[in-house]
Amino acid sequence: MEKREKILLGVMLIGLLIVGPYYLFSGGGKVPSVSELVNKESLDKAIKDVDAIAKKSVLSKVEILRLQKAEEPWAFNPFYDRNKDTEQAQDVVLHLPEGVTVSYTGYVSVNGQMYAIISGMEYQVGNHLEIAGAENFIITKILKDKIIIGKLDNNDKMTGELEIGINDDESF
């Protein structure tokens, strides 16, 4: 047994010796029930007072509107699972447009930043491809053996990703 384990067991034993007698010899008195602790008459009076106030008060137009809106179906799901939708988007098979060739020939690491050499040009993560016909593709990840490019739609949302290995020509 290591020294720290012995110390931990010693501290636990001391704690049990201190707390144990209080727990064992506390007398175990009877625990009062809720009905013994609550005065029934004052509780009934409070319920009657709240009912009287509720019957007197008139809801404002804003409060009525809020109650009506609360009962309507929601316009969007507040528990929207973005991860589920991104997984579905990544399952889409993505291809480059016809006649476009992208070749990942290597990478350069300068001051901790990765630059991918793609078709003779340097790119960082987040750069758009400057290749005719592939302007809506963006570099999403640069790895030593491959790059991952994503396709953006008209609203700049990612619609899918494509992996291109080193020295693999991807063309259609």
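It should be emphasised that the depicted structure is a prediction, and the values quoted were computed from it without experimental measurement.
Between the CG atom of Asn127 and the CE atom of Met121 there is a distance of 9.5 Å, given to the nearest 0.5 Å. Summarising the geometry, atom CD1 belonging to Ile149 is positioned 14.5 Å from atom NZ belonging to Lys141; distances are rounded to the nearest 0.5 Å. For the atom pair CD of Glu163 and CD of Glu161, the computed distance is 8.0 Å after rounding to the nearest 0.5 Å. Note that CG of Leu162 and OG1 of Thr140 are 9.5 Å apart. Values are rounded to the nearest 0.5 Å. The line from CG of Leu143 to CE of Met114 is 7.0 Å long, rounded to the nearest 0.5 Å.
With hydrogens and angles disregarded, no donor-acceptor distance shorter than 3.5 Å links the side chain of Asp44 to the backbone of Glu41. The backbone N or O of Ile117 sits less than 3.5 Å from a side-chain atom of Thr105, completing a donor-acceptor pair. Side-chain N or O atoms of Glu72 include none that pairs as donor or acceptor with a backbone N or O of Lys69 at under 3.5 Å. Side chain of Ser103 to main chain of Ser119: no donor-acceptor pair is present (N/O by atom type, distance under 3.5 Å, no hydrogens or angles). A distance-only check finds no donor-acceptor pair linking the side chain of Tyr107 to the backbone of Lys146 [under 3.5 Å].
Each of Ile131 and Tyr115 belongs to its own hydrophobic cluster when Ile, Leu, Val, Met, Phe, Trp and Tyr are linked at side-chain heavy-atom distances under 4.5 angstrom. Following chains of ILVMFWY side-chain contacts shorter than 4.5 Å, one cannot reach Val108 starting from Tyr104, and the two form parts of different hydrophobic clusters. By the criterion of side-chain heavy atoms lying less than 4.5 angstrom apart, applied directly or through intervening Ile, Leu, Val, Met, Phe, Trp or Tyr residues, Val50 is not grouped with Ile53; the two fall into different hydrophobic clusters.
Counted within 6.0 Å of CD on Glu122, heavy atoms from surrounding residues, nucleotides or ligands total 12 or fewer; the atom is thus considered open.
Heavy-atom minimum distance, Tyr123 versus Leu129: CE2-CA, 3.8 Å. Glu63 and Val58 get closest at one heavy-atom pair: OE1-O, 4.5 Å.
Qualifying side chain to side chain donor-acceptor pair (under 3.5 Å) partners for Glu2, counting only residues two or more places apart in sequence or in other chains: Arg4. The side chain to side chain donor-acceptor pair (under 3.5 Å) test applied to Ser33 returns Ser35, not counting sequence neighbours.
The shortest distance between side-chain heavy atoms of Leu16 and Val19 does not fall below 4.5 Å. For the pair Gln124 and Ile139, the minimum side-chain heavy-atom distance is 4.5 Å or more.
Ion pairing between a basic and an acidic side chain is recognised when a charged N comes within 4.0 Å of a carboxylate O; Lys45 and Asp49 show such pairing.
No option in Ile147, Ile148, Ile118 other than Ile147 meets the side-chain contact (heavy atoms from CB on, under 4.5 Å) test with Ile164.
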